[in-house]
Enquirer: 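My questions all concern the structure below.
Protein chains get the first letters and strands the later ones, always in sequence-line order, with residue 1 at the start of each. Here the structure is a predicted model, which means the values were calculated and not measured.
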Amino acid sequence: MTGRHPLEPHLNVLKTPSQFALDGTRILATASDNQQTAAVLHEINQTILARRLEFSCSSGRTLVLDVVGRRILRLVDVKNALHNLALGSDHTKVLMQVIQDFVAPKTEVRVKTAPLVSTDGLDVGLHIASLAALLMVDLGAPVPLKPPGVLVKFTSLLDHQLSAWILHQTGASDQTHGADDTVTELLYLITNGLDDLVAQLAAVEPNLRLPTLLVVGAKVSADHATLLARADDQLLVGILNGASAKNLQNAWTRAQV
Amino acid sequence: MAIVDDLTALLAATPGASVIVFADLSTKMVLAHAMRVRLPQEQLDAISHQAVASFAEPLAEPDLGKVNDALVLTSVGVKLFIRSHTDQSDAICLIGDHSVDVDKAATKMRQLLHQLEAQP
């Protein structure tokens, strides 16, 4: 489960969109990106101080590396013979294979970093540049996270007027925000009725390419209205709390820009 | 005053609206309409179908509260469906662009529904 990190609005203003998860991990690539390998290598390349990088993939795979000064010192969590393997220049092909095994296309990749307590007993390590050359990744080229999509922008613009929401995308973990009981209610709706929700939106707006928002309630601008939206390949379900229709319209049109 | 006149007056008083219809949601039929641009019958019928879909489950689940209003926003415009509190098959539906003041339009549409229900 992920949610909005307090820094996220500031990063968006600075045109450096990043996504954080509530568990402290940072999302390097989303399921709709196709640069998962490059994202992992860039993260290593940008690590100057001694750090343990714990990469995780939405497919369930993990990769833990000890890194310092753009060099990979140790493979930490790979099983059997590679467990805790101190790396040197001889291990380029081994590590290339490990990274290729870890990264799967159309998956979300996250990283968690922690200071590296000790580098005792480790060799000089494997320089990231040699690995990047083998994997044909240009470390000079930026690998920006895709800018936030329509629905992410929409939730940011509505802010506290959306008391709870779930952003669902196939192949990625759901992003959630709000009180646990309401989120649970919305999760139930997504888990048990995803196809029906998609079909309901398709019936309301048959042009499937159009980003579409449906809000239902006792009154559109009532204290408690429910919303459902689609855009790109994402689906948003949420509970509105006192948003006027004008605010909804403004947020929706601004989110498309 | 005939219902068509009421709908025409409402359309004239709602900048950005292009079509306003009175529909019977139980039969999915448009009973009366007013429009700035002429729509073929199948598009009019589609409005009532979309209204029915808006008020349907799973989104309008009874546990999530009573639902009488539905608003649809796309990148090209606005659809607003207001259902009667007393007879849930009666609804007024509006199609327009983003310049429609939805809050004001919803209030007027609700008033018209009350007015229609009060008629003998």
Side-chain angles (χ1 to χ4, degrees), chain A residues 150 154 164 182 185-186 188-231 235 237-240 243-257, chain B residues 14 16 25 28 42-43 45-85 88 91-111 113:
Chain A
V150 168
F154 180 63
T182 318
E185 206 174 335
L186 294 175
Y188 181 83
L189 203 58
I190 290 251
T191 309
N192 294 287
L194 180 62
D195 291 344
D196 293 335
L197 289 169
V198 171
Q200 186 170 12
L201 271 181
V204 167
E205 176 45 67
N207 184 347
L208 300 180
R209 285 174 302 176
L210 281 185
T212 300
L213 167 70
L214 168 64
V215 180
V216 298
K219 284 185 179 180
V220 163
S221 50
D223 282 345
H224 190 84
T226 312
L227 74 78
L228 170 65
R230 70 165 182 235
L235 196 75
V237 185
I239 302 293
L240 286 162
S244 70
K246 195 180 178 89
N247 284 354
L248 277 174
Q249 274 178 291
N250 285 341
W252 184 251
T253 48
R254 284 177 61 197
Q256 320 279 320
V257 180
Chain B
T14 311
L25 300 185
K28 298 181 183 173
E42 61 265 28
Q43 285 193 31
D45 292 341
I47 295 172
S48 55
H49 282 82
Q50 290 172 12
V52 170
S54 299
F55 292 121
E57 291 185 34
L59 196 62
E61 199 187 322
D63 291 351
L64 296 174
K66 196 176 177 185
V67 167
N68 289 310
D69 289 11
L71 170 66
V72 179
L73 300 176
T74 66
S75 47
V76 296
V78 170
K79 302 173 194 178
L80 180 59
F81 308 114
I82 306 291
R83 186 162 65 168
S84 164
H85 287 236
Q88 299 235 308
I92 294 181
C93 315
L94 176 152
I95 310 292
D97 61 31
H98 283 295
S99 66
V100 171
D101 184 329
V102 171
D103 289 313
K104 267 190 193 168
T107 304
K108 286 179 188 166
M109 290 160 75
R110 229 172 273 122
Q111 283 168 352
L113 271 174

Enquirer: Please report the shortest heavy-atom distance between B:Ser54 and A:Val216, naming the atom on each side.
Expert: O-CG1, 3.3 Å
Enquirer: Closest approach of B:Val100 and A:Gln249, non-hydrogen atoms and distance?
Expert: O-NE2, 3.0 Å
Enquirer: Considering only heavy atoms, which portion of B:Arg83 lies under 4.5 Å from any heavy atom of chain A: side chain, backbone, both, or neither?
Expert: neither
Enquirer: Answer with side chain, backbone, both or neither: which region of B:Val78 has an atom nearer than 4.5 Å to a non-hydrogen atom of chain A?
Expert: side chain
Enquirer: Which residues from residues 204-211 of chain A are near chain B, with near meaning under 4.5 Å between non-hydrogen atoms?
Expert: A:Val204, A:Glu205, A:Pro206, A:Leu210, A:Pro211
Enquirer: Is chain A contacted by the side chain of B:His49, its backbone, both, or neither, given a heavy-atom distance below 4.5 Å?
Expert: neither
Enquirer: Find the distance between CG (B:Leu73) and CZ (A:Phe154) and round it off to the nearest 0.5 Å.
Expert: 7.5 Å
Enquirer: Let me confirm one number: the NZ-CG distance from B:Lys79 to A:Leu213, rounded to the nearest 0.5 Å.
Expert: 12.0 Å
Enquirer: Going by atom type alone, with no hydrogens or angles, which donor-acceptor pairs under 3.5 Å involve a side-chain atom of residues 189-202 of chain A and a protein atom two or more places apart or on another chain?
Expert:
{"from": "A:Thr191", "atom 1": "OG1", "to": "A:Leu187", "atom 2": "O", "distance (Å)": "2.6"}
{"from": "A:Asn192", "atom 1": "ND2", "to": "A:Tyr188", "atom 2": "O", "distance (Å)": "2.9"}
{"from": "A:Gln200", "atom 1": "OE1", "to": "B:Leu59", "atom 2": "N", "distance (Å)": "3.1"}
{"from": "A:Gln200", "atom 1": "NE2", "to": "B:Ala53", "atom 2": "O", "distance (Å)": "2.9"}
{"from": "A:Gln200", "atom 1": "NE2", "to": "B:Ala56", "atom 2": "O", "distance (Å)": "2.8"}

Enquirer: Heavy-atom cut-off 4.5 Å, strictly under: side chain, backbone, both or neither for B:Ile82 against chain A?
Expert: neither
Enquirer: What part of A:Gln256 lies closer than 4.5 angstrom to a heavy atom of chain B: side chain, backbone, both or neither?
Expert: side chain
Enquirer: Could you look at A:Thr212 and say if it's the side chain, the backbone, both or neither that has a heavy atom under 4.5 Å from chain B?
Expert: both
